[in-house]
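Data first, discussion second: the structure below is written as structure tokens.
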Amino acid sequence: MSSRRSTPVPAKKAPKPKRLSTTSFLLEIGSEELPWQVIQPAMMQLAVLMKGFLANHRLSHDRIQTFGTPRRLAVLVEGLAAMQPSTLRETLGPSKAVAFDAQGHPTKAAEGFAKSQGMDVRELETRDTPKGVYLCAVKHENGLPAAQVLTDHLPHLLPQLTFPKTMRWNASGVRYPRPIRWVVALVGAKALSFDFAGVRSGARSWGHRFIVDEKSGEASKGIRIPRPEEYEMTLADYGVVADPVWRRDTLAGQLARLARSVKGRVYQANHEELLEQAVFSLECPNVVCGTFDQAYLAVPHEVLIASMEEHQGFFSVVNRKGELLPRFFAPTNMDMINMELIRVGNERVLAARLADARYFFDEDRKVKLADRVQELRGVVFHKKLGSLYDKTQRIMNLVSDLAEAGGVPEMVASCQRAAFLSKADLVTGMVGEFPTLQGVMGEKYAAHDGESVEVSQAIGEYYRPRTPDDAIPETTVGRFLSLADRLDTLAAFFHAGIVPSGSEDPFGLRRSAFGVIRIVVEAGLNLNVTDVLRRAEGLVVEQGVKAGGHPFAPLRAGSGPPLQQFLEDRLRYYGRIVAGYREDVMDSVLARADDATCNLRDLFLRMDALQAITSRRAFDSLIVGFKRAHRIVEKEAWTDRTVDAKLLTHPTERTLRESVETAGRAVGQALDARDYHGALKQLIGLKSPIDQFFDGVLVNAPELDVRANRLSLLRQVDDLFSAFGDLSQIEVQGQ
Amino acid sequence: MTVQHLILSLHQFWSQHDCIICQPYDLEKGAGTFNPATFLRALGPEPWRAAYVEPCRRPTDGRYGENPNRLQHYYQYQVVIKPCMDTIQSLYLESLSALGIDPRKHDIQFRQDDWESPTLGAWGLGWEVRLDGMEITQFTYFQEAGGHTLDPVTVELTYGTERIAMYLQEVDNVYDLRWSKDVSYGDVFHDSEVQFSRYHFEVADIVMIRTMFDSCEAECRTLLEKGLVLPAYDYCMKTSHLFNVLDARGALSVAERTGYIGRVRGLARGCADAYVERRKSLGFPLLAGSGARPVASFQGTPNRPPA
């Protein structure tokens, strides 16, 4: 009986299923100018919060759209249910056994529960649960109007928006990135009224600060948003483009048009970030095209571009040959017929900036880079790791070792010289003003000082790869210098026990390690990285840096000390993302990586060969056979490898023996030659002998000497496979 | 508009908006924020509204009078209002109109620029205000000063008077500014830039200045112990300037630099604590309703177009 009661309530008790009427909802938080970076993330949060909120409150809806400008964050909900649906709320009470005594009378527990629910015991129902039959209070709740739900709960929803940096400004104590000045909340044509952050919500918004509707002059009193659907259009009438996508299109279109008009194109390098900044800094984007004095083109173009981009947020322009033009595109927030005043103003500001940049360029060149190296004594690299001068000394030593180890002793002198000068541009006026020009200015100044092309070019490119997409340095000296700098950074920080954790990596050690791996692998350098790291740590120790970390140990899979593990993680990341290796392929190779073979290039050659052969049809069954041999040897902990030919009675035993011997020699030669594809091909050839062996004989022969002999033979098989890597890690993919 | 006319216009504007017009504080300082009328008055619950011109000294920015845009001594126009009011942005824009800058004809943008002063143990959020791409004002809602969380919040407007004047007078060299109808900025200040650049970069007696720093620091601490916070704060300001001179002279290693900043910050904190105590012991007199109140007398709406 109780099971029937727990079925859905009969239709006549349920609310009439009628067509719900829908409405729409708008919320706009008006504020003083938000930092441009926070707007997009806040829009996304707002959409998620709104969606969750409406779901929690049983308010169905169609599309949710968000808007964002420096002065407003808004969300528009279409097809919103005007009313919450009525609902039956079920609350479980005590179990039936507890609720009624032997005579079937309700106990105190039953009466107490009924009272707490405002019901009579006789009105309670029962529900079957896995734990038994329980009393249940079923209550019919009428839905509330959406407007009321929103009015009641929005003030609690809004503080859930999070931002990296917030402030207080009035007694409300609300925190937000900048002061909130108005809130619009509309359900259909009805304005919702609630208090938040010291303002009362309503239908009144504000248009562009300075573009005023001349006819009505309404902006001075604010503007009334008639209905949520009319939000975007109403704002547009008052000079505000609420949708960032629209602003982006506008900007991109204007930039392209202006570029065409000067027979050029927008300089691309940081284009996307500049565009993003403009989109979220402006309510009414409008680009003006200005010019600067040709004479400034004598200053390195990187400097001019940095002046325009970093200081002013201007786009720079190149001609079809990629040469910088004496022009700029300035995104402004004003749309007027006459933009002359604004253009001239921006030109004057840029001229002052460029004059400053030229001043630095001229002043910097008065002192040779070499004469600045001593100044690095006064610049801290890290408080536990000495000055940049100390680091320079370490890199000089390390880069010589790298050049020697890398087989180019003739480059030692250039490597050392480049290392000596590598940090000197950090104390120039220009890099002080434009930190992003580190390296770039070093190269220019080194060339100016008469340093060799090899040296100056290395200084110019050793910060590469700056990003995962950036190319590695082109020259050998640049590559070694980049490696030395990164390996020193890694060794020093790990030695001092300053290790990245979780998402925290303030010194960019992951990026450094990734750069090391990319350079070694992509440049095909034969280097034992562990050796170099040991040497690097030795240099750190020589300078008296206190140890706070772990000493070095071989790079090995599994539980290594942090730096090894750290490098291995980056290695795997590279293998996974760039090379597309299987995890078990990497496991197999890394498990065998020890001091002798810890050569990143070598590890990648092995992974490459193994990854290639995994696609061969015979591979999986080879691994099945090998693993069988491996398990037996492992289980017996069999270490003896001596096989007595006389005890090999079965032909499959003899075949296997011969195959192992032949393959053994060939694999050895191939491994020596680093022909890993060849070595693996030899192993594939063992597939049938192994399979036939297991088909033909029983390893656990009754005669102990025969058994031992077979185990030794399998031990030889195991050794042969293990010479390449720990192939027992390979997971058989087939059926 | 001459430089002095510009200053007079701002005085006129802000005095009409209930600010007291203070005169510059008679000690060297790196920014108007150091003036007790900002740093100390921002502390505690008492309301405060003031506007003043502040001569600022930034020894490292000296260029021997050769750079058209950089000076080691220049003037900030400083407005501080506590509690900050809802209409401060539009009021600020009105003040630009009073200078003859019609925001409807220019491109004025509020670009994020958060402010922090390690020596004052202070920070705030705000913007640099850009007029056609040029930074003309620093606009900051103070959140903390001298290690104290500020409640109510003070808003600080710092106008770059020379920048604005250069814009208005359409000159590209600060020394060409007309200070008055007949006298240029260069006439008044050029030699001072030359001499002080030389002094700060080449001549300043490092040993003497270090000694002075130590003496001022000691005096500040002594005065704090004696409960004389205002004289103590004078000595705190002096240490800050002496540090700036040492810095410009290239006398400080990085580690030392950090050490000196920490010492000035320590004094600033001590002064902040003592100032709040002192005002409390006086019963926070400005809370009584005189001076810079009430908020309701301010006009304007969030984006009211300037008159």
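Order of the sequence lines fixes the chain letters, A, B, ..., with proteins taken first and strands second; residue numbering starts at 1 for each chain.
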Query raised in the report: Do you know which of B:Arg111, B:Gln89, B:Gln109 makes side chain to side chain donor-acceptor pair (under 3.5 Å) with A:Glu33?
Result: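 Only one of B:Arg111, B:Gln89, B:Gln109 forms a side chain to side chain donor-acceptor pair (under 3.5 Å) with A:Glu33, namely B:Gln89.
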
Report task. Side chain from CB out, backbone as N, CA, C, O: work out which of these in B:Val171 comes under 4.5 Å of a heavy atom of chain A, or both, or neither. Result -> backbone

**Report entry** Part of B:Glu66 lying under 4.5 Å from any heavy atom of chain A
**Finding:** neither

Query raised in the report: For B:Tyr141, does its backbone N or O pair with a side-chain atom of A:Trp169 as donor and acceptor, under 3.5 Å?
Result: no

Requested in this report: Indicate yes or no for a side-chain donor-acceptor contact from A:Gln312 to the backbone of B:Gly133 under 3.5 Å, with no hydrogens or angles considered.
Outcome: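 Judged by distance alone, yes, a pair lies under 3.5 Å.
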
Query raised in the report: Between B:Asp132 and A:Arg348, does at least one N-O distance fall below 4.0 Å, as a salt bridge requires?
Result: no

Query raised in the report: Got a salt bridge between B:Arg70 and A:Glu433, using NZ or NE/NH1/NH2 to carboxylate O under 4.0 Å?
Result: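 Salt bridge: yes.
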
What is the distance from atom [atom1] of [X] to atom [atom2] of [Y], rounded to the nearest 0.5 Å?
| X | Y | atom1 | atom2 | value |
| --- | --- | --- | --- | --- |
| B:Gln143 | A:Lys165 | CD | NZ | 10.5 Å |
| B:Asp86 | A:Ile180 | CG | CD1 | 11.5 Å |
| A:Arg168 | B:Leu125 | CZ | CG | 10.0 Å |

Query raised in the report: Relative to chain B, which of A:Met334, A:Arg178, A:Met167 shows the most heavy atom pairs under 4.5 Å?
Result: A:Arg178

Requested in this report: Find the one option among A:Gly345, A:Ala330, A:Pro35 whose heavy-atom pairs under 4.5 Å with chain B are most numerous.
Outcome: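 Answer, by heavy-atom pair count under 4.5 Å with chain B: A:Pro35.
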
Query - Segment of A:Pro70 engaging chain B (4.5 angstrom heavy-atom cut-off) - result: neither

